Colleague: 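First the structure, then my questions, so here it is.
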Amino acid sequence: MLPKLFQELLKEWHLQLERALPWVNENDPYKIWISEIILQQTRVLQGLPYYTKFLETFPDVFVLAKSSESEVLKCWEGLGYYSRARNLHWSAKYIVNELNGVFPERYEEIIKLKGVGPYASAAIASFAFSLPCAVLDGNVHRVISRIFSVTADITTSKGRKIIQDIADKLLDKENPACFNQAIMDFGATVCLPASPLCDQCVFADHCTSYLTDTQRDFPFKKVKKPLRNRYFHLFLVKAGKYIFLSHRKEKDIWRGLYTLPFIETRDERWEFPLEGIQIGGISIEENQIQILNYTDQQILTHQRIHLFFHQVTLARMEEKLAGDNLEIVPLTNLNDFAFPKFLRQFIVNNTALFEYK
DNA sequence: AATTCGGGGGG
DNA sequence: CCCCCAGAATT
């Protein structure tokens, strides 16, 4: 299919169905940037409220650069992939300190921002600066691999290059922003992953996989490996109106967020060590621990976290800390901390936590 | 090239 | 259940 025809059919379709979203027809690179990062691996409906809240909290790159990482993470709480928030904050400081607060205006410069890869750089370049850069997201991979029956594995660099070459040729260089918006809207509303709406597709007559009834074979991806199981025992250590929180700094899930201190075990069984456990320099004896009748599971992309909750009530809160990222926090201040979603829900559900509020 | 980062929605 | 979502960084 010739690029000109593809562009015309796409444009014709887009006239009827353009998704009305706050970042569409926006050309402030800062706002485009925020929206693209929020929408990485995130559905529009999930990201929408965060987009609004983020721009209210950090209206421009200077405010974002002056804020603390904790404030940015707090705004990101519950959205997931928290490195996006840390990278946004890092890049804002980079723009203010190294680029005099001026947002970079070329693809090769935009992609130097942390957290901005090939997709986001092309999106910002086209939406904010009308540069002829074709975006490649999950939608575009699906649309192109189906119409042209691309059999290569799109999770490999070879497969992505094949799609990129096709997308570069298809791109309407007179109006890259509209083209990119349209092809993503099309993938999101017509060329659907499981059951594409081929009977109302403007490309049906030209779609090689539709013509051979092989739409569902594309895009090709190799099978993914099973989840890794992990077992966390979390301790709600209360003393009067204080509890312990752990600030996660290791290279693992939820870096930068706060959790209840926890111990990871090999399987669901938990054998209390003879020497007892240490939390914040305090030795916890087994008979101080109450098993809360509450467990949960948290499914991540590559892990299944089995969560077990325990409660420890201390007569008084020790002042000295072991220093392993533990903080003593008044129960009334819990809203100031960014937690993984499941923990915020646990805290909200555990009304006893708020008896001092 | 493979792995690891969350959380949610829909079939 | 399983898949995938306006992907990118790290190993």
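As the structure is a prediction and not an experimental result, all values here were calculated from the model.
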Colleague: I need the CZ-P distance between Arg86(A) and dT4(B), as an integer number of Å.
Modeller: 16 Å
Colleague: Centre-to-centre under 6.0 Å for Phe346(A) and Phe342(A), is that the case here?
Modeller: no
Colleague: Please confirm whether the backbone N or O of Thr259(A) pairs with a side-chain atom of Ser246(A), one donor and one acceptor, at under 3.5 Å?
Modeller: no
Colleague: Under a 3.5 Å threshold, yes or no: a donor from one side chain and an acceptor from the other, between Asn335(A) and Arg344(A)?
Modeller: yes
Colleague: Which of these nucleotides, dG6(B), dC4(C), dA6(C), is closest to any side-chain atom of Arg84(A)?
Modeller: dG6(B)
Colleague: Using atom types as modelled, flag every donor-acceptor pair under 3.5 Å from a side chain in residues 41-49 of chain A to any protein atom, sequence neighbours excluded.
Modeller:
from, atom 1, to, atom 2, distance (Å)
Thr42(A), OG1, Ile38(A), O, 3.3
Thr42(A), OG1, Gln40(A), O, 2.8
Thr42(A), OG1, Arg84(A), NH1, 3.1

Colleague: Please determine if a side-chain N or O atom of Lys224(A) lies less than 4.0 Å away from the OP1 or OP2 oxygen of dC2(C).
Modeller: no
Colleague: In this structure, is the centre-to-centre distance between the rings of Phe308(A) and Phe262(A) below 6.0 Å?
Modeller: no
Colleague: Enumerate the residues from residues 68-78 of chain A whose closest heavy atom to DNA chain C is under 4.0 Å, giving them by residue number; use none for an empty result.
Modeller: none
Colleague: Among Asp217(A), Thr214(A), Thr208(A), which residue satisfies the side chain to side chain donor-acceptor pair (under 3.5 Å) criterion with Ser149(A)?
Modeller: Thr208(A)
Colleague: Rounded to whole Å, how long is the line connecting atom NZ of Lys221(A) with atom P of dA2(B)?
Modeller: 15 Å
Colleague: Could you check whether Phe342(A) gets within reach of a base, just the sugar-phosphate, or nothing at all, counting any heavy atom under 4.0 Å?
Modeller: nothing
Colleague: In terms of side-chain heavy atoms of Lys225(A), which of dC3(C), dT3(B), dA6(C) is nearest?
Modeller: dT3(B)
Colleague: Which residue lies toward the 5' end of DNA chain B, Arg228(A) or Lys341(A), if each is placed at its nearest nucleotide?
Modeller: Arg228(A)
Colleague: Verify the distance criterion only: is there a donor paired with an acceptor across the side chains of Thr155(A) and Lys222(A) at less than 3.5 Å?
Modeller: yes
Colleague: Above 12 or not: heavy atoms from other molecules or residues under 6.0 Å from CD of Glu108(A)?
Modeller: yes
Colleague: Nearest whole Å is fine: how far is dG6(B) P from Gln297(A) CD?
Modeller: 17 Å
Colleague: In whole angstroms, how far is the C1' atom of dG6(B) from the CG atom of Leu39(A)?
Modeller: 15 Å
Colleague: Whole Å only: how far is the CZ atom of Arg304(A) from the P atom of dG7(B)?
Modeller: 15 Å
Colleague: Would you call Glu71(A) and Lys74(A) a salt bridge, using N to O less than 4.0 angstrom?
Modeller: no
Colleague: Can you tell whether the side chains of Lys161(A) and Asp165(A) come within less than 4.0 Å, N to carboxylate O?
Modeller: yes
Colleague: Between dA2(B), dC5(C), dG6(B), which one does the side chain of Arg43(A) approach most closely?
Modeller: dC5(C)
Colleague: Contact class for Trp23(A) (heavy atom, under 4.0 Å): base, sugar-phosphate, or nothing?
Modeller: base
Colleague: Answer with yes or no after comparing the ring centroid distance for Tyr258(A) and His247(A) against a 6.0 Å cut-off, counting only values under it.
Modeller: yes
Colleague: Choose from dA6(C), dT4(B), dG8(B) the nucleotide whose nearest atom is closest to any side-chain atom of Leu21(A).
Modeller: dA6(C)
Colleague: For a quick check of understanding: with a heavy-atom distance under 4.0 Å over all strands, which category does Arg142(A) fall into, base, sugar-phosphate or nothing?
Modeller: sugar-phosphate
Colleague: Judged by atom type as modelled, is there a donor-acceptor pair below 3.5 Å linking the side chain of Arg248(A) to the main-chain atoms of Leu257(A)?
Modeller: no
Colleague: Starting at CD1 of Ile299(A) and ending at P of dC3(C), how long is that distance when rounded to a whole Å?
Modeller: 14 Å
Colleague: Decide salt bridge (Lys or Arg N to Asp or Glu O under 4.0 Å) for Glu56(A) and Lys53(A); before the verdict, give the C-alpha distance in whole Å, the side-chain angles of both, and the deciding distance to 0.1 Å.
Modeller: CA-CA 5 Å; Glu56(A) 283 172 3; Lys53(A) 181 172 64 170; over 6 Å; no
Colleague: Any donor-acceptor pair under 3.5 Å linking the side-chain atoms of Asn349(A) with those of Gln345(A)?
Modeller: no
Colleague: Between Ala194(A) and Gly138(A), just flag the one whose closest nucleotide in DNA chain C comes earlier from the 5' side.
Modeller: Ala194(A)
Colleague: In whole Å, I'd like the distance from the CG atom of Asp137(A) to the C1' atom of dC5(C).
Modeller: 9 Å
Colleague: Could you check Leu45(A) against Thr301(A) and say which one's nearest nucleotide on DNA chain B is further toward the 5' end?
Modeller: Thr301(A)
Colleague: Checking contacts here: which listed nucleotide (dC5(C), dA6(C), dG7(B)) is nearest the side-chain heavy atoms of Gln41(A)?
Modeller: dC5(C)
Colleague: Are there runs of at least three consecutive Watson-Crick or G-U pairs touching DNA chain B, with each pair's two distances under 3.5 angstrom? Give them by first number.
Modeller: B:1-5 with C:7-11, B:7-11 with C:1-5
Colleague: Is there, by distance only and without an angle test, a donor paired with an acceptor across the side chain of Thr42(A) and the base of dG6(B) below 3.5 Å?
Modeller: yes
Colleague: From the options dC5(B), dG7(B), dA6(C), select the nucleotide whose nearest atom is closest to the side chain of Asp185(A).
Modeller: dA6(C)
Colleague: Could you check whether atom OH of Tyr210(A) has more than 12 heavy atoms from other residues, nucleotides or ligands sitting under 6.0 Å from it?
Modeller: no
Colleague: Write down the distance between CD (Glu250(A)) and C1' (dT4(B)), rounded to a whole number of angstrom.
Modeller: 15 Å
Colleague: Which residues, if any, of residues 151-181 of chain A bring a heavy atom under 4.0 Å of DNA chain C?
Modeller: Gln181(A)
Colleague: Distance between the C1' atoms of dG6(B) and dC3(C), in whole angstroms?
Modeller: 15 Å
Colleague: What nucleotide, of dG7(C), dA6(C), dC4(C), holds the atom closest to the side chain of Tyr81(A)?
Modeller: dG7(C)
Colleague: Rounded to whole angstrom, note down the P distance from dA6(C) over to dT4(B).
Modeller: 24 Å
Colleague: Can you tabulate the close N/O pairs, meaning under 3.5 Å, that link protein atoms to atoms of nucleotides 8-11 of chain C?
Modeller:
from, atom 1, to, atom 2, distance (Å)
dA8(C), OP1, Gly117(A), N, 2.9
dA8(C), OP1, Gly117(A), O, 3.4
dA8(C), OP1, Ala120(A), N, 2.8
dA8(C), OP2, Pro118(A), N, 3.4
dA8(C), OP2, Tyr119(A), N, 3.1
dA8(C), O5', Gly117(A), N, 3.4
dA9(C), OP1, Gly115(A), N, 2.7
dT11(C), OP1, Lys251(A), NZ, 2.8

Colleague: Run the side-chain donor-acceptor check on residues 96-105 of chain A: report pairs under 3.5 Å with partners two or more places apart or on a different chain.
Modeller:
from, atom 1, to, atom 2, distance (Å)
Asn97(A), ND2, Lys93(A), O, 3.1

